2 protein chains.
Amino acid sequence: MLEFAILGLLHQSPMHGYELRKQLAQVLGGLRSISFGSLYPALKRMHAAGLIGTDEPDPHALLPADAPPLTGRRGKVVYAITAEGKERFHELVCQTGPEAYDDGGSFGVRLAFFGHTAADVRLRILEGRRRTVESQREGLRSSLARTRERVDRYTLELQRHGLESVDREVRWLSELIDHERREAQNGRPAQLGAPPE
Amino acid sequence: MLEFAILGLLHQSPMHGYELRKQLAQVLGGLRSISFGSLYPALKRMHAAGLIGTDEPDPHALLPADAPPLTGRRGKVVYAITAEGKERFHELVCQTGPEAYDDGGSFGVRLAFFGHTAADVRLRILEGRRRTVESQREGLRSSLARTRERVDRYTLELQRHGLESVDREVRWLSELIDHERREAQNGRPAQLGAPPE
DNA sequence: CCCCGATGTATCGAGACGATACATCGGGGT
DNA sequence: ACCCCGATGTATCGTCTCGATACATCGGGG
């Protein structure tokens, strides 16, 4: 999850941890971000696994006067994706199982990197997500029908708002799916199957 | 958080862990629940802290024939709130700081137990939550305005959907706040300050 | 009679989080 | 000239949560 997002961002350009976090917040839709307490251990793990490399400059290198345009980033650690990292990213990008659209933020990250994702994979993920949210909606509907009159006004209100939210998400996903389908018909003829690396 | 929810549920009646989890899911609005891997350690912590007690019956007690209405729950562990637990719950219920309405599910749990919450505390929590979500909305708005044309169609779509979601939440909160205000004017005259236990 | 699904309790490792501690830079105020 | 402050930047700690997994028992249907 975090791994996916880090690989995706470093796939575009090398970055500091700090910058990574900011980009992550943007890409995640502005709401949820990630804490440094998660980010740095993840970077350490991924570095140990060979997925990313560090451009660690000599911390004692004296900058000569010919480098004023540097915006303040001195001897800090720059991370870059490795060949193994790109390979891993492509593996992850091609996954279409429940881990790609279940709850817990994975869907948001997957969507954020749809630019790197094949059209048929995009469609499968969107449809899987829609199935997930639809089943949540049905559960919520029946729960609301059962508990109506039996619970707190506030609990009821919470459930009502939740139901409307998942309802909106289903409609949103349906729009995205329709758009994908239309695009698939217009331009490219079929484009089935992910390119075999 | 989990502690709050458990205390709130056990405040109503003693329960098994399993039942606790089901009730929790209902009270949380049907979507998010809690895993046993969180629940049982939490119960253990709270038991150690003296907030809850276990009604642990003798597992070798032979049930005589005069107890057929039992629905299958034999020698399992029933948890009940203690006096300290009730005290702690009332402390938590009276909190109106950011921990009561910041992200991370605490607001949902607080709302679920508004029945136990004084009217002025309810209002402060709803307003705090609205402020939080409003600032998220502003951040998202400016982010959208800045990054429009510079990012992926999918990222844009994600941000747009997120913005509409927080927008809807603000409107929902405003309705709840209006309702609280109207109710405060109609019935009770002031009702400031929590009833001192 | 046996198996299966619901009920029920419990633990493990992986990982995320908030708090916290550093250190450096640029700039604004006095 | 000085100093403080906020942004940038890296890192760790303890605590909590999660998903997976392993049990065991009950009632009911084949």
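Treat the numbers as computed from the prediction; the structure is a model and nothing was measured. Per chain, numbering begins at 1; letters A, B, ... match sequence-line order.
- A:Glu169 is listed as a side-chain neighbour of A:Leu173, based on a closest heavy-atom distance under 4.5 Å.
- One finds a salt bridge joining A:Arg88 and A:Glu91 here, because a Lys/Arg side-chain nitrogen approaches an Asp/Glu carboxylate oxygen to under 4.0 Å.
- Between B:Arg182 and B:Asp178 there is no salt bridge, since no side-chain N of the basic residue sits under 4.0 Å from a carboxylate O of the acidic one.
- Atom CG of B:Asp102 and atom C1' of C:dA19 are 15 Å apart (whole Å).
- The existence of a salt bridge linking A:Arg131 and A:Glu134 is excluded, since no basic side-chain nitrogen approaches an acidic carboxylate oxygen closer than 4.0 Å.
- A sub-4.0 Å separation between OP1 or OP2 of C:dT9 and a side-chain N or O of B:Lys44 is absent.
- Taking 4.5 Å as the limit, some side-chain heavy atom of B:Leu126 sits within range of a side-chain heavy atom of B:Phe114.
- Remark: C1' of D:dG6 and NZ of A:Lys22 are 13 Å apart, rounded to the nearest angstrom.
- Remark: DNA chain D takes part in the stems C:1-30 with D:1-30, each of 3 or more antiparallel Watson-Crick or G-U pairs, criterion distances under 3.5 Å.
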**Request:** Go along nucleotides 17-22 of chain D 5' to 3' and tag each nucleotide: B for a protein heavy atom under 4.0 Å from its base, S when only backbone or sugar atoms are that close, - otherwise.
**Result:** SBB---
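- Considering only heavy atoms from C-beta on, A:Arg171 comes within 4.5 Å of A:Arg168 through its side chain.
- Between A:His16 atom NE2 and D:dA7 atom P the separation is 19 Å, expressed in whole Å.
- Computed from coordinates, the A:Arg21 CZ to D:dA11 P distance equals 15 Å when rounded to whole Å.
- Note on A:Glu164 versus A:Arg160: salt bridge recorded, some NZ/NE/NH1/NH2 to OD/OE distance being below 4.0 Å.
- Counting heavy atoms from C-beta on, the side chains of A:Tyr40 and A:Leu20 never come closer than 4.5 Å.
- Nucleotide D:dA7 holds its P atom 16 Å from the CD atom of A:Glu19, rounded to whole Å.
- Rounded to whole Å, the distance from OH on A:Tyr18 to C1' on C:dC22 is 14 Å.
- Between B:Phe4 and B:Phe89, the ring-plane angle classifies as tilted under the 30° and 60° cut-offs.
- If you measure from atom CG of A:Leu43 to atom C1' of D:dT10, you get 10 Å, rounded to the nearest angstrom.
- Regarding contacts with the backbone of C:dA10, every side-chain N or O of B:Tyr40 stays at 4.0 angstrom or more from both OP1 and OP2.
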